[in-house]
Amino acid sequence: MQNNINQTQLANVLKQFYGLGTDRVAISKWETGFQLPNVEAISCLADYFDVSCDYFLKDGIMSQSKNVIPFYR
């Protein structure tokens with residue numbers, strides 16, 4: 001999953017199109033595993049990245065031991 005989007009851009013997309021009150025700092029915490037996104041954020045992220053919620057919760061990166069969500073490289 002890669003959309004070549006940085007944390008600030010993703011925060012803006014989540015605010016503008018999904019109405020989430022998130023910021024770059026929250027996304028950084030999600031990526032590092034310091035904090036996990038709530039259910040609403042997971043749903044919005046899945047929609048934006050065109051994957052299922054299971055990708056984050058069961059099949060993918062949140063189920064891995066590192067709990068790291070790499071939205072950009």
Side-chain angles (χ1 to χ4, degrees):
M1 174 183 68
Q2 188 173 357
N3 279 32
N4 294 319
I5 187 169
N6 66 37
Q7 294 170 342
T8 301
Q9 292 168 329
L10 181 58
N12 289 337
V13 166
L14 293 175
K15 283 180 187 176
Q16 183 178 10
F17 295 106
Y18 298 97
L20 289 182
T22 192
D23 59 13
R24 184 203 59 77
V25 174
I27 292 170
S28 175
K29 290 177 182 179
W30 300 344
E31 286 185 317
T32 61
F34 185 76
Q35 183 178 4
L36 295 177
N38 64 29
V39 174
E40 181 182 14
I42 291 169
S43 177
C44 295
L45 290 166
D47 182 68
Y48 176 74
F49 287 106
D50 197 28
V51 297
S52 71
C53 290
D54 283 348
Y55 176 80
F56 291 107
L57 299 172
K58 184 181 92 175
D59 300 333
I61 42 190
M62 277 190 213
S63 64
Q64 296 174 2
S65 60
K66 292 182 182 179
N67 291 331
V68 175
I69 305 172
F71 295 121
Y72 71 100
R73 298 268 181 231

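What's counted below: heavy atoms across the whole structure, side chains too, no hydrogens, waters or symmetry copies.
Here CD of Gln9 is found 10.5 Å from CD of Gln7. Values are rounded to the nearest 0.5 Å. Atom CZ of Phe49 sits about 9.5 Å away from atom OH of Tyr55, to the nearest 0.5 Å. With values rounded to the nearest 0.5 angstrom, Asp23 atom CG is found 9.5 Å from Ser28 atom OG.
Residues Leu45 and Val51 have side chains not in contact (no heavy-atom distance under 4.5 Å, counting atoms from C-beta outward). Contact of the Phe17 side chain with the Tyr48 side chain is not registered, since no non-hydrogen atoms from C-beta on lie closer than 4.5 Å.
Under the rule for a side-chain contact (heavy atoms from CB on, under 4.5 Å), the partners of Ala41 that lie at least two apart in sequence or sit in another chain are Leu20, Trp30, Pro37, Asn38. Under the rule for a side-chain contact (heavy atoms from CB on, under 4.5 Å), the partners of Ser43 that lie at least two apart in sequence or sit in another chain are Cys53.
Across all their heavy atoms, Ala11 and Arg24 have their closest contact at CB-N, 3.8 Å.
Screening Leu10, Thr8, Asn4 for a side-chain contact (heavy atoms from CB on, under 4.5 Å) with Asn6, the sole residue that qualifies is Thr8.
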